[in-house]
> 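Pasting in a structure now, in structure tokens, and then I'll have a few things to ask.
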Amino acid sequence: MFLRVASVSKQYRGQKVLDDISFPVRQGELVSLIGPSGAGKTTLLKIIAGLELPDSGSVKSTADLCANPAILVFQDYLLFPAMTVFNNVAYGLKCRGVKGTALTEKVSAMLAYFQLTDKSRHYPRQLSAGQQQRVALARAMVVNPSLLLLDEPFANLDRNLKAETAEFIKTFQKEYGITAISVTHDLQEAFIMSDKIGIMLDGRLHQFDTVKNVYNYPASGRVAAFLGHVNHIPASYFPLLGLDQHNGAVTVRAEAITLAHHENGVGEITEVQFAGHHVIYRVRVKELVLTVYSLDPGFSREERVDITITHTIANGDH
Amino acid sequence: MMRHPRVLLSLLPLLIPFAAIFLGGIIITVLQSLGILMFSYHYDDIFFGYRELLADRWFVESALFSLYVAATATTIAIIFGTLFAYLIWRLPHRYHGRTVIYKVPLILPHIAVGFMAVILLAKTGVLAALSYQLGLIDSFTQFPDLLYRASGIDIIGAYVYKETPFVMVLVYAMLSRFESRLMDCAKMLGASPTRIFFTLILPFLMPAINTSFIILFIFSFGGFDLPFVLGDSYPGMISIRIYDYFFHKDLALRPVAMAMLTLIFLMSLGFIIAYLKIAGKMMPAARKL
């Protein structure tokens, strides 16, 4: 195992920020820790980077962190304001005594890879957020780190740039073969780029698994709800909704329900909300109100519909 | 278009004193240096003051001596002030309040610092007496001459004592706005504390350093009280020569004093321009003031 975070806990002013966090990271993997603001994600990243110490627990790595350190790319990039893009990227190399042609060649290659060649003489204040992020990544990558830590890599980017950046991070991470840990609250982007995902809520790691497993088999109702809107369907509704008999209840994502026009259907549309790339419907089935995300905008209020559940995600522990 | 007169009108309370005192003062000084507005005397040669001034063999020496004292004292104060402020800033935050003692010299008038230096450093002063009592010297005459030295070491020392806290206040205020995570970032990239200081902190501090350098240089270049109390007679600081020409010599020589004032104003102006140009070249991205 390349890196192992074992039972890490941390308190600030008597309040637990991290509570017994453990997870492994394999060489070359990109792991994302997802959670709402204040879940302790950045603190964990700082502990892995060696910028803070845990109250208990440990972070162990098989890599030589002295020769190839772990580099944290901060949420606001923290470029050195009085230096040009070239000098920002060259900084780590200069610290290692690299000079002259070797320095210029390495920095130029990195600038070319991150599409920053034409910005090499610019200062950070002259760059867009996306360009600043690429400078920060280039500055980190040029020293050949053993581990790349990304703190909220999408937080300062425009919405349309986020997915593109996630793909870019995934591409260069795989090309360089670097192990990376990212913390973010941007679900979609984390899904795009990550090999594994950890869900952090209130300082605890609730689930750590592959992207598909976390999404399809959430460890708890809280994890399921954090990843997207879910409906909890009691067993008494199973015959009406065409579900197999189960004990307890099932959890169903809002996008795992399809609607069909039917004048004697089991459900009645009570609310219609246009949400851009999908429509949110509230459908009442007797006393139960389901939330449905649909691409079909053709349903209207008070219309009766048939309901098909395409996928359930867990037996309820809620 | 309508906004400009309004802005001008709202700035009048500031502009009128500025124009009357600063510009008015400069204009009268320049005119009097040319023998104009000197009601008691008439000068056929408008450059009389400047010719006399250049004929005064001590003038150039005084000007160079003032330049040397001001540049040395200010440079030392800038180095000490910046380093001390940095060291205080690096202390754990709970100790910052206790370092307020460094501000004491700020509230002392220059003249008081001058007399403190005399009381402490004169051959019959406190340090000499202490050295004698401790047996370090056999008689007071053995105590080294620290005052009234042609090297200006006494004036420089007093200016450094007075100016260092001023630099510390400005630099510390600037440091408290420094993003300390930049240091974490540099450390992760492998930078040593010295490299971090020279590549990140110093460029950030340049506006405070430049501002204090200019203010302190000009102040000590034209300062009167410390050279008056501590200075050697010749060549003496230029302010003392101006004082002599203005009050102690023939009234007809007043254009010479005014010519000196005009020249030190021009020298100060030239200094600010040269300093900012050099500072700009050394650190192009750092804000100058």
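Proteins come first, then strands; the chains are lettered A, B, ... in the order of their sequence lines, and each starts at number 1. Just so it is clear, the structure is predicted and the values come from calculations on it, not from any experiment. The figures that follow rest on heavy atoms only: side chains count, while hydrogens, waters and symmetry mates do not.
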> Does the side chain of A/Asp151 come under 3.5 Å of the side chain of A/Thr42 through a donor N or O and an acceptor N or O?
yes
> For A/Leu51, which atoms come within 4.5 Å of any heavy atom of chain B: side chain, backbone, both, or neither?
side chain
> Please work out whether the ring planes of B/Phe213 and B/Tyr275 are parallel, tilted or perpendicular, with thresholds of 30° and 60°.
parallel
> When the ring planes of B/Phe219 and B/Tyr159 are compared, do they come out parallel, tilted or perpendicular, using 30° and 60° as the limits?
perpendicular
> Taking only heavy atoms into account, what residues of residues 89-98 of chain A are found under 4.5 Å from chain B?
A/Tyr91, A/Gly92, A/Lys94, A/Cys95, A/Arg96
> Where does A/Ala136 contact chain B at under 4.5 Å (heavy atoms): side chain, backbone, both or neither?
neither
> Hey, can you tell me if A/Phe114 and A/Tyr176 have their rings parallel, tilted or perpendicular (30° and 60° cut-offs)?
parallel
> Heavy-atom distances under 4.5 Å only: say whether B/Leu182 touches chain A with side chain, backbone, both or neither.
both
> In terms of relative ring orientation, are B/Phe217 and B/Phe221 parallel, tilted or perpendicular, with 30° and 60° separating the classes?
parallel
> Can A/Arg159 be said to sit on top of A/Phe154's aromatic six-ring, NZ or CZ under 6.0 Å from centre and within 45° of the ring axis?
no
> Heavy-atom distances under 4.5 Å only: say whether B/Ser192 touches chain A with side chain, backbone, both or neither.
neither
> Examine whether an atom of A/Asp76 lies under 4.5 Å from a heavy atom of chain B, and if so say whether it belongs to the side chain, the backbone or both; otherwise answer neither.
side chain
> Are any of the side-chain heavy atoms of B/Ile264 and B/Ile242 separated by less than 4.5 Å?
yes
> Using the ring of each side chain (for Trp, its six-membered ring), is B/Trp89 parallel, tilted or perpendicular to B/Tyr86, with breaks at 30° and 60°?
tilted
